[in-house]
Amino acid sequence: MGILEVVPARAVSRQRIYAVVARIPRGRVATYGQVALLAGLPGQARQVGYALAALDDSSRIPWHRVVNAQGRISARRDGGPAARVQHLLLARERVGFGSDGRIPLERFRWRPRASFRGRP
DNA sequence: ATGCTGACTATGT
DNA sequence: TACATAGCCAGCA
């Protein structure tokens with residue numbers, strides 16, 4: 001047990017979440033639940049949203065590539081510009097939206113190689 | 001301690 | 001298709 005043990009468990013979870021999001025390639029998206037699963041946190045999709053909301057503007061994590069299970073950009077409670085920025089960034093990397101405003105996940109969902117499965 | 005809230009999701013009506 | 005509800009759980013008053 002070294003000095004690293006003092007890091008709160010929640011911080012560790014967040015790092016795992018960020019590590020997964022960082023792997024999502026351009027032009028692809030992942031759902032909150034998918035990220036949670038890959039991060040070894042099954043069923044904790046909300047924690048993924050919480051972790052992403054905590055990112056600061058200088059972060060290089062591609063947070064915009066995470067959308068909800070319906071292929072939609074989740075509305076922010078505060079109604080800020082984040083959602084619009086997300087839409088812009090995705091469109092910029094050629095992620096398409098259907099006429100119903102949903103991203104066809106069967107086409108743009110990130111499918112990591114089976115060899116990558118977060119940490120067990 | 002206790003209760004609310006939120007960038008979620010699966011399920012049911 | 002559109003709500004409602006039950007799980008989920010960290011952060012904060």
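Below, chains carry the letters A, B, ... as their sequence lines are ordered, and counting in each starts from 1. All heavy atoms count here, side chains included; hydrogens, waters and symmetry mates do not.
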| Nearest to the side chain of A/S74, which nucleotide is it out of B/dG6, B/dC8, B/dT9? | B/dC8
| field | Side-chain heavy atoms of A/L55 within contact of A/L52, under 4.5 Å | value | yes
| task | May I have the distance from A/L90 (atom CG) to B/dA7 (atom P), rounded to whole angstrom? | result | 18 Å
| request: Keeping the roles fixed (side chain from A/R76, backbone from A/S74), state whether a donor-acceptor pair exists under 3.5 Å. | output: yes
| task | Give a yes or no answer on whether the side chain of A/R28 reaches the backbone of A/R109 with a donor-acceptor pair at less than 3.5 Å. | result | yes
| field | Minimum-distance nucleotide to A/A45 side chain [options: B/dC8, B/dA10, B/dA7] | value | B/dC8
| Rounded to whole angstroms, how far apart are CD on A/Q47 and C1' on B/dC8? | 10 Å
| ILVMFWY cluster, A/W63 and A/Y32 together (side-chain gap under 4.5 Å) | yes
| message | If you assign each of A/G43 and A/D100 to its closest nucleotide in DNA chain C, which residue comes earlier from the 5' end? | response | A/D100
| How is A/A75 classified with respect to the nucleic acid when contacts are heavy atoms under 4.0 Å: base, sugar-phosphate, or nothing? | sugar-phosphate
| message | Under 4.0 Å, counting only non-hydrogen atoms across every strand here, what does A/A69 touch: a base, just sugar-phosphate, or nothing? | response | sugar-phosphate
Identify all pairs in which a protein N or O lies below 3.5 Å from an N or O of nucleotides 11-13 of chain B, and state each distance.
none

| said: Over all strands shown, is A/Q44 touching base, sugar-phosphate only, or nothing at heavy-atom distances under 4.0 angstrom? | reply: sugar-phosphate
| field | Distance in angstrom units between A/R77 CZ and B/dG6 C1', rounded | value | 7 Å
| message | Is there, by distance only and without an angle test, a donor paired with an acceptor across the side chain of A/R46 and the base of B/dG6 below 3.5 Å? | response | yes
| Taking atom C1' of C/dG7 as reference, at what distance in whole Å does atom CG of A/L41 sit? | 16 Å
| What is the distance, rounded to the nearest whole Å, between atom CH2 of A/W63 and atom P of B/dC8? | 14 Å
| Do side-chain atoms of A/R65 reach the backbone of A/V21 as a donor and acceptor pair under 3.5 angstrom? | no
| said: Using whole Å, what does the distance between atom P of nucleotide B/dA10 and atom CG of A/L105 come to? | reply: 11 Å
| query | Nearest nucleotide by nearest heavy atom, which residue falls closer to the 5' end of DNA chain B, A/Y50 or A/Q34? | reply | A/Y50
| remark: In whole angstroms, the gap separating P of B/dA10 from CG of A/N68 amounts to 10 Å
| remark: Which of A/E93, A/R92, A/Q86 passes side chain to side chain donor-acceptor pair (under 3.5 Å) with A/H64? Answer is A/E93
| request: Specify the separation, in whole Å, of atom CD1 of A/I73 and atom P of B/dT9. | output: 13 Å
| task | Please measure how far the P atom in C/dG7 lies from the corresponding atom in B/dA7, and state the result in whole Å. | result | 22 Å
| task | Say whether, by atom type as modelled, one donor and one acceptor occur between the side chain of A/Q47 and the main chain of A/I17 under 3.5 angstrom. | result | no
